[in-house]
There are 2 protein chains.
Amino acid sequence: MAGLREHKKQATREALQTAALRLALEHGPGNVRVEEIAQAAGVSPRTYNNYFSSREQAIVSAITADRVTRTVAAVLHRPADVPLGVAVLDAVVPAYSGDPEASGAALLMVATTPALRTSYLDTVTGLEEPLAGAIVDRCGGVEALTARVLAAGVVAAIRVALEHWLRAATVPAALPGFVIPAGSLPEVVRAAVTALVPALNAAAPRPEPSG
Amino acid sequence: MAGLREHKKQATREALQTAALRLALEHGPGNVRVEEIAQAAGVSPRTYNNYFSSREQAIVSAITADRVTRTVAAVLHRPADVPLGVAVLDAVVPAYSGDPEASGAALLMVATTPALRTSYLDTVTGLEEPLAGAIVDRCGGVEALTARVLAAGVVAAIRVALEHWLRAATVPAALPGFVIPAGSLPEVVRAAVTALVPALNAAAPRPEPSG
DNA sequence: GCGAAATATTGCGTGCACGCAACTTTTGTG
DNA sequence: CACAAAAGTTGCGTGCACGCAATATTTCGC
């Protein structure tokens with residue numbers, strides 16, 4: 001059994017994530033040293049940077065969890081006869097519906113800390129490559145470059161939606177306890193991605209092979 | 001006259017850019033210290049980071065020059081009666097036509113140095129905000145969020161095109177002197193942005209006010 | 001089990017990005 | 001011109017990201 005190594009790696013990764021998030025919430029995001037996170041997870045500071053390439057990355061990855069994986073899976077599971085734009089829309093929007101209830105305090109912290117915001121928005125980029133693959137899988141005849149552009153466009157749309165939504169947390173005098181307008185995120189994401197639906201639907205070479 | 005300050009700042013900025021590019025070409029991009037660039041431009045190392053937030057940024061900004069400015073201006077100068085998608089396409093593509101002849105050696109260096117590649121691709125992001133503004137100016141009735149998404153989509157498309165094009169420099173045994181397939185960049189950019197044209201054209205609420 | 005190859009962890013050294021608090025230069029006003 | 005306010009520059013200190021080589025751990029063939 002060769003799974004021991006990989007199992008330990010996954011455990012260390014999760015230990016680092018949870019430790020980073022916990023310490024950031026306890027002491028404030030600016031008062032957490034990489035050394036503390038590493039120590040709390042039982043590894044050396046150098047090892048921390050073998051798992052995460054920035055101090056913020058561990059914190060936000062504890063929040064975003066496996067959303068990328070779920071989104072891609074959702075796209076692939078849509079029935080093949082629905083237009084690409086609809087499939088993407090119906091796959092992406094629900095992925096951002098369960099977000100606010102996850103942990104309001106953590107999201108408020110991300111929203112109000114510039115470095116964390118940037119890092120949080122960057123996590124969406126991880127969707128680009130698998131999404132491009134999913135688009136190719138769905139529409140066989142589509143150009144690789146086109147699929148890539150559409151995937152990058154969807155990622156950009158989601159990023160814009162998140163920016164728009166996070167801004168609501170800082171602009172109206174962010175009181176502690178005043179969390180983010182909960183239900184609105186999926187709607188913003190939907191509005192953003194909808195702007196690209198015409199391009200997504202136009203990409204599939206032939207949605208209906210006429211009889 | 002209050003222009004002395006701003007004039008000096010611009011001069012320092014350009015001095016840093018040219019010094020960074022020259023030193024990178026002379027000694028190789030990995031053998032240039034920030035301290036050397038600052039010294040060559042006659043400022044302190046700390047001041048360097050007041051102008052550029054990374055070592056690579058000065059180098060690539062010496063190459064990209066004012067392309068963002070030109071692109072936005074080109075979008076705004078298209079006649080108002082052409083569809084948005086066409087206007088964007090005809091504005092963006094020429095901006096990437098004069099690129100290869102600028103300096104083949106510098107581009108080869110960027111293409112083959114991962115850190116410089118990343119930084120180079122990041123410069124395109126600077127187009128997003130002004131382009132979104134230009135889209136709003138062109139199509140009065142468009143939603144701000146929609147304009148932002150479309151601008152971000154165009155930026156993403158350009159980034160994908162550049163990635164695709166830069167890859168050609170590394171994959172086929174990049175011999176020194178073998179530069180990048182020159183004419184192909186505008187075509188790749190055109191192909192990439194074309195995938196988004198349906199979305200761009202669908203955004204304008206009413207392209208032709210009839211009667 | 002045993003030893004070798006593969007892989008992960010660690011310490012070290014270097015350069016970098018940036019907050020902060022002086023200090024210097026430019027600007028605008030009387 | 002003088003002087004104060006505004007804006008730019010600099011040095012310092014800190015923490016971080018990462019290449020590199022040494023060390024410890026896991027895996028795999030026998």
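Order of the sequence lines fixes the chain letters, A, B, ..., with proteins taken first and strands second; residue numbering starts at 1 for each chain.
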TODO: Could you tell me which residues satisfy salt bridge (Lys or Arg N to Asp or Glu O under 4.0 Å) with B:Arg46, sequence neighbours excluded, listed by chain and number?
DONE: none

Task: A:Glu163 atom CD, neighbour heavy-atom count above 12 within 6.0 Å - done: yes

Task: Summary of side chain to side chain donor-acceptor pair (under 3.5 Å) pairs that have at least one residue in residues 33-42 of chain B, sequence neighbours excluded - done: none

TODO: Between protein and nucleotides 16-22 of chain D, map the contacts as a letter string: B base, S sugar-phosphate only, - none, heavy atoms under 4.0 Å, written 5' to 3'.
DONE: SBBBB--

- [ ] Give a yes/no answer on whether the side chain of B:Thr47 brings an N or O atom under 4.0 Å of OP1 or OP2 in D:dT9.
- [x] no

Task: Residue from A:His7, A:Arg13, A:Glu6, A:Glu14 passing side-chain hydrogen bond (donor to acceptor under 3.5 Å, both in side chains) with A:Gln10 - done: A:Glu14

Task: Base-contact (B) and sugar-phosphate-only (S) positions in nucleotides 3-8 of chain C, heavy-atom cut-off under 4.0 Å, - elsewhere - done: ---BBS

Task: Pairs involving residues 122-134 of chain B, ordered by first then second residue, that meet side chain to side chain donor-acceptor pair (under 3.5 Å) (sequence neighbours left out) - done: A:Arg159-B:Glu128, B:Glu128-B:Arg148

Open item on the list: Checking B:Val124 now: which residues fulfil side chain to side chain contact (heavy atoms under 4.5 Å, CB included) with it, not counting sequence neighbours?
Closed with: B:Tyr96, B:Val155, B:Ile158, B:Leu162

TODO: Check the distance between C:dG11's C1' and A:Gln39's CD and give it to me in whole angstrom.
DONE: 16 Å

- [ ] Specify the separation, in whole Å, of atom NE2 of B:His7 and atom C1' of D:dA7.
- [x] 18 Å

Open item on the list: Please enumerate all residues that pass side chain to side chain donor-acceptor pair (under 3.5 Å) together with A:Ser54, with sequence neighbours excluded.
Closed with: A:Glu56

Task: N/O donor-acceptor pair under 3.5 Å between B:Arg138 side chain and B:Pro79 backbone - done: yes

Task: A:Asn31: partners by side chain to side chain contact (heavy atoms under 4.5 Å, CB included), with sequence neighbours left out - done: A:His27

Task: Contacting residues from residues 11-22 of chain A, given that a heavy atom lies under 4.0 angstrom of DNA chain C - done: none

Open item on the list: Looking at A:Thr113 and A:Leu116, would you say the former's side chain and the latter's main chain have a donor-acceptor pair under 3.5 Å?
Closed with: no

Task: Partners passing side chain to side chain donor-acceptor pair (under 3.5 Å) against A:Ser61 (at least two apart in sequence or in another chain) - done: A:Gln17

Task: side chain to side chain donor-acceptor pair (under 3.5 Å) partners for A:Thr12, two or more places apart - done: none

- [ ] Would you sort out whether B:Val88 and B:Val154 count as a side chain to side chain contact (heavy atoms under 4.5 Å, CB included), showing the intermediate values?
- [x] CA-CA 9 Å; B:Val88 169; B:Val154 171; 4.1 Å; yes

TODO: Take the C1' atoms of the five end pairs on each side of the helix from C:dG1-D:dC30 to C:dG30-D:dC1, derive the two axes, and give their angle rounded to 10 degrees.
DONE: 30°

